[in-house]
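All remarks here apply to the structure that follows.
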There are 2 protein chains.
Amino acid sequence: MTKKVDAKGRVSVPSAFRTVLTRLDIRDLYVFQDFVFPAISIAGPEVLERFERHIDQGDPFSPDANKMSLLIHGGGVFMKLDGEGRLAVTDFIRDFAGITNQVTFVGRGDYFQLWEPSALTRMQDETRRERMEQSVRST
Amino acid sequence: MTKKVDAKGRVSVPSAFRTVLTRLDIRDLYVFQDFVFPAISIAGPEVLERFERHIDQGDPFSPDANKMSLLIHGGGVFMKLDGEGRLAVTDFIRDFAGITNQVTFVGRGDYFQLWEPSALTRMQDETRRERMEQSVRST
DNA sequence: TAAATTCCCATTGACGCCCAATTTTGCCCA
DNA sequence: TGGGCAAAATTGGGCGTCAATGGGAATTTA
């Protein structure tokens, strides 16, 4: 599901994803840098709250908790879609995901991701290769 | 949320953070060296009091508690924003955080931090790596 | 008095909000 | 089965508002 970024730096979020958001009554989006991939993940505020709760369980002054807090708060922003369901592709998104003028949307259950198209295919190829090697080893 | 320092050594604090400050009716900002990171933390007086309470709970003779107390009471200054919501980036800030002409703002609940951009990404990358290693270990 | 800081104003630029045009999709009927 | 239509989705862009920026002038400080 690849979409173009328009002249004003916007992408329209495919209706399939928006449907999920409206069903969950999510208006404010928590847009954050994925922990594992060079991709932007988009979810509702409750995901941030879940992260924060997890952090709050530990000592708020411990290095570990602070690092996680930094990852969560420094790696995420709140955004909202415009009236037509479009998202502004800010530098925050561009820089981390390497996105310029094309965005690939990937649904992942209760959230979705933004990828730079070729980065996604590269990642998929790599994963496929690893699976092949595994199956060869186990033969 | 990265901003440039202008020719006069000022950065405009993003409106998102200023909104929080005005909502809490905070005019004087306490600017101090963060406990765990090479970053400057900025908060209102009540956050300071919370830190102090937390320190009081610990062993007053422990090196950590003493250091933190020292940082809070001696390692900080009061500052205020100008009419346009800008902060003067003084040497106190530059030296401790390694900031030159760019500042990344990180909100952390009821206070926020100033980072040298690359220092923040380095710290975040490191944290991601640690998380990855953890999940690998637990496999 | 020179340098730095604060105050003030003008310009720029980004973003939200809106409407119109165009394309795609799903569905019904001949 | 193939059009034809209506609804929905996407796309493009105008415009007003406000944040962000840049810089001049006044004021303070050393």
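Quick note on labels: first sequence line is chain A, next is B, and so on, each numbered from 1.
- In terms of position along DNA chain D, the nucleotide closest to Val13(A) lies nearer the 5' end than the nucleotide closest to the other residue of the pair Val13(A) and Val11(B).
- Between Val5(A) and Arg10(A) the shortest side-chain heavy-atom distance does not fall below 4.5 Å.
- Among residues two or more places apart in sequence or in another chain, the side chain to side chain contact (heavy atoms under 4.5 Å, CB included) test is passed with Lys80(B) by Asp28(B).
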Which atom pairs, one a donor and one an acceptor, fall under 3.5 Å between side chains of residues 34-51 of chain A and the rest of the protein, sequence neighbours left out?
from	atom 1	to	atom 2	distance (Å)
Asp34(A)	OD1	Ser41(A)	OG	3.0
Asp34(A)	OD1	Gln113(A)	NE2	3.0
Asp34(A)	OD2	Val36(A)	N	2.8
Asp34(A)	OD2	Phe37(A)	N	2.9
Ser41(A)	OG	Gln113(A)	NE2	3.4

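- Between the CD atom of Gln102(A) and the P atom of dT10(D) there is a distance of 16 Å, given to the nearest Å.
- In this structure the side chain of Val20(A) never reaches within 4.5 angstrom of the side chain of Tyr111(A), judged on heavy atoms.
- At a threshold of 4.0 angstrom between heavy atoms, the contacts of Val5(B) with the nucleic acid are absent.
- Taking atom CE of residue Met79(B) and atom C1' of nucleotide dT5(C), one finds them 11 Å apart after rounding to whole Å.
- Spacing between atom CE of Met1(B) and atom C1' of dC15(C) amounts to 13 Å, rounded to whole angstrom units.
- With rounding to the nearest 0.5 Å, the separation of NZ in Lys3(B) from CZ in Arg86(B) is 12.5 Å.
- Rounded to 10°, the angle separating the first-five-pair axis and the last-five-pair axis of the helix from dT1(C)-dA30(D) to dA30(C)-dT1(D) equals 30°.
- Rounded to whole Å, atom C1' of dT22(C) lies 13 Å from atom NZ of Lys4(A).
- The distance from the OG1 atom of Thr2(B) to the CG atom of Asp91(A) is 9.0 Å, given to the nearest 0.5 Å.
- Across Leu120(A), Val31(A), Val11(A), Ile93(A), a single residue satisfies side-chain contact (heavy atoms from CB on, under 4.5 Å) together with Leu114(A), and that is Ile93(A).
- Between the P atom of dG22(D) and the CG atom of Asn101(B) lies a distance of 12 Å, rounded to the nearest Å.
- For the pair Asp56(A) and Arg53(A), the salt-bridge criterion is not met [side-chain N within less than 4.0 Å of a carboxylate O].
- One atom, CG of Leu81(B), and another, P of dT21(D), lie 14 Å apart when rounded to the nearest Å.
- Listed by residue number, Ser15(A), Arg18(A) are the residues of residues 15-27 of chain A with a heavy-atom contact under 4.0 Å to DNA chain D.
- The structure places CD1 of Ile72(A) at 10.5 Å from CZ of Arg108(B), a figure rounded to the nearest 0.5 Å.
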Name the pairs: protein N/O against N/O of nucleotides 23-27 of chain D, kept only if under 3.5 Å.
from	atom 1	to	atom 2	distance (Å)
dG23(D)	N7	Arg10(B)	NH2	3.1
dG23(D)	O6	Arg10(B)	NH1	3.0
dG23(D)	O6	Arg86(B)	NH2	3.4
dG24(D)	O6	Lys8(B)	NZ	2.3

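- In this structure, the separation between CD on Glu52(A) and CE on Met68(A) is 11.0 Å, given to the nearest 0.5 Å.
- Note on residues 72-101 of chain A: pairs passing ring pair (Phe, Tyr, Trp, His ring centres under 6.0 Å), not counting sequence neighbours, are Tyr30(A)-Phe78(A).
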